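The shown structure was predicted, so the numbers you read here are calculated from the model rather than taken from an experiment. Letters A, B, ... mirror the listed sequences (proteins, then strands); counts begin at 1. Basis for what follows: all heavy atoms, side chains included, without hydrogens, waters or symmetry-related copies.
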Protein chains: 2
Amino acid sequence: MGMLPDKAVPDIVIGRLPIYLRALAHLEAEGQRIIASKDLAKRLGMSSAQIRKDLSHFGEFGKQGMGYDVTYLRDQLRTVLNIDRRWDVALVGAGDLGHAIAYYGGFEGRGFHISCVFDNNPQKIGRRLGRFEILDAIELPAKLRELDIRIAIVAVPANAAQAVVDDLVTGGVKAILNYAPITVTVPAGVHVQYIDPVVHLQRMSYYLE
Amino acid sequence: MGMLPDKAVPDIVIGRLPIYLRALAHLEAEGQRIIASKDLAKRLGMSSAQIRKDLSHFGEFGKQGMGYDVTYLRDQLRTVLNIDRRWDVALVGAGDLGHAIAYYGGFEGRGFHISCVFDNNPQKIGRRLGRFEILDAIELPAKLRELDIRIAIVAVPANAAQAVVDDLVTGGVKAILNYAPITVTVPAGVHVQYIDPVVHLQRMSYYLE
DNA sequence: TAGATTGTTAATCGATTAACAATC
DNA sequence: TAGATTGTTAATCGATTAACAATC
């Protein structure tokens, strides 16, 4: 008699966990030891029931009458999100955006570490970008396999993005953060998230007079 | 006897329109004149019914048996999203990220135009960032009113973000794209969208082994 | 016309919330 | 203990989808 698999946690719930985690990190930096779902909800502009429901998918992290221990909940969420470790990340694209990403200090300490940078421009290959030597994008799949990299950031022009993504998939990458303003196609089992500032601006301009 | 207001279009629908618009722009660049909801859906990894339903909130843009005229639908979506015009945008923060944003060529042509840049660092004020002179952030509210700016991009460290947002609100800004990794508080009627790459990475690392 | 695809309805599916027993 | 807040259930709410008449 086989075990039924747990019902998968909805992706929309997973998407909120990093927001909770970020708020908890700030609370801890402020020296707060305990937080009630009601107060966290207020801070995040959502309902306390939603926070409790979301967390209940993963365990019982609070104490009735008290709330949640900030540090404990933070650590639990890190474990749930698989960032109780450090992930090496490949960055593809060494233009202005790639530069900003390579120099961004916010990855360390939140579970990620950029470990290599690629570009296909012969003018850039072999040069330095911060602490990185820019590698030839032609070597992408081989290098990714060699370094066992599962996460990549794409910061290339839209017209190059799908080809880069294909190379990343060939190299074994399973999670892609795509800054190129284009929807890309990937096989099942590969995750893609998009960052396109214009999409966010357009979404807001709808509400402007 | 008063008119009942139209039921507001759900925000989740508004959030998909820029994705449709982006795809339509690419289709047009590829020279495609007509697209069926089925084909657009396939390209975007969603259902054709959802696309048709979303569009039906705003009008009848297609032709039975044919599909949608790419250029016509693109123009209609631009109108719906209020980007059949150009919005001036203020950028706050002239660090690495602000630099990348100021130099990013993707705003023009999609409805937005960065028109001024602010920073609070005396070392930077008065210097140039690309085509901009960096203005003193102390003048934010006054300058925003003077230029009648309604949209701003925040690219400052997390610990400065809430104060900057407060100044933007004072200056009359109604839409804020926040790159600082912190949830900010704004009055009703002011819209905020967040870009935090680490949130996206964490959301994906959940699914990695 | 025959074939294709829209726009829309109604059914299904899933997410959010209110409420409260459990309990710290 | 009394008060507060969790974890969970059931009800509500809202979004997605299947299906098809309308029609190009």
> Hey, what do you get for CG (B:Asp75) to CD (B:Glu28), rounding to the nearest 0.5 Å?
Replying inline: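 These two atoms lie 7.5 Å from each other.
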
Would you mind reading off the distance between [X] atom [atom1] and [N] atom [atom2], rounded to a whole angstrom?
{"X": "A:His57", "N": "C:dG14", "atom1": "NE2", "atom2": "P", "value": "13 Å"}
{"X": "B:Phe61", "N": "C:dG7", "atom1": "CZ", "atom2": "C1'", "value": "12 Å"}
{"X": "B:Asp69", "N": "C:dT5", "atom1": "CG", "atom2": "C1'", "value": "15 Å"}
{"X": "A:Lys38", "N": "D:dT6", "atom1": "NZ", "atom2": "P", "value": "10 Å"}
{"X": "B:Asp54", "N": "C:dG7", "atom1": "CG", "atom2": "C1'", "value": "13 Å"}
{"X": "A:Leu55", "N": "D:dT8", "atom1": "CG", "atom2": "C1'", "value": "13 Å"}
{"X": "A:Asp11", "N": "D:dT16", "atom1": "CG", "atom2": "C1'", "value": "16 Å"}
{"X": "B:Met66", "N": "C:dG7", "atom1": "CE", "atom2": "C1'", "value": "16 Å"}

> If pairing requires Watson-Crick or G-U wobble contacts with both distances under 3.5 Å, which nucleotide is the partner of C:dC20?
Replying inline: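 Its partner is D:dG7.
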
> Across all strands shown, which nucleotide pairs with C:dT12 by Watson-Crick or G-U wobble geometry, both distances under 3.5 Å?
Replying inline: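 WC or wobble partner is D:dA15.
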
Does OP1 or OP2 of [N] have a side-chain N or O of [X] closer than 4.0 Å?
{"X": "B:Arg16", "N": "D:dT16", "value": "yes"}
{"X": "B:Arg52", "N": "C:dG7", "value": "no"}
{"X": "B:Gln64", "N": "C:dA4", "value": "no"}
{"X": "A:Ser47", "N": "C:dT16", "value": "no"}

>> Both A:Lys53 and B:Tyr68 contact DNA chain C. Which one's nearest nucleotide lies toward the 5' end?
In response: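 Upstream on the strand: B:Tyr68.
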
>> Judged by each residue's nearest nucleotide on DNA chain C, which is more toward the 5′ side, B:Ala49 or B:Asp39?
In response: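 Its nearest nucleotide being more 5', the pick is B:Asp39.
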
Residue [X], side-chain heavy atoms: nucleotide from [options] that is nearest:
{"X": "B:Pro10", "options": "D:dA15, D:dT6, C:dT17", "answer": "D:dA15"}
{"X": "B:Glu60", "options": "C:dT17, C:dT8, C:dC20", "answer": "C:dT8"}
{"X": "B:Ile12", "options": "D:dA15, C:dG7, C:dA15", "answer": "D:dA15"}
{"X": "A:Gln50", "options": "D:dG7, C:dT16, D:dT16", "answer": "C:dT16"}

>> Looking at B:Glu139 and B:Leu144, would you say the former's side chain and the latter's main chain have a donor-acceptor pair under 3.5 Å?
In response: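 Such a contact is absent between B:Glu139 side chain and B:Leu144 backbone.
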
>> Is it the case that the side chain of B:Tyr194 and the backbone of B:Leu177 share a donor-acceptor pair, with hydrogens and angles ignored and the cut-off at 3.5 Å?
In response: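 Checked: no pair found.
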
> Out of B:Lys53, B:Arg52, B:Lys42, which one pairs with B:Ser37 under the side chain to side chain donor-acceptor pair (under 3.5 Å) rule?
Replying inline: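 With B:Ser37 as partner, B:Lys53, B:Arg52, B:Lys42 yield a single side chain to side chain donor-acceptor pair (under 3.5 Å), made by B:Arg52.
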
>> Categorize B:Ser37 for me: base, sugar-phosphate, or nothing, with a 4.0 angstrom heavy-atom threshold over every strand shown.
In response: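 It contacts sugar-phosphate atoms only.
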
> Heavy-atom distance under 4.5 Å between the side chains of A:Lys174 and B:Tyr207, does that happen here?
Replying inline: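 The answer is no, as the side chains (C-beta and beyond) never meet within the 4.5 Å cut-off.
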
> Parallel, tilted or perpendicular for B:Phe58 and A:Tyr206, by the 30°/60° rule?
Replying inline: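 It falls in the perpendicular class, over 60°.
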
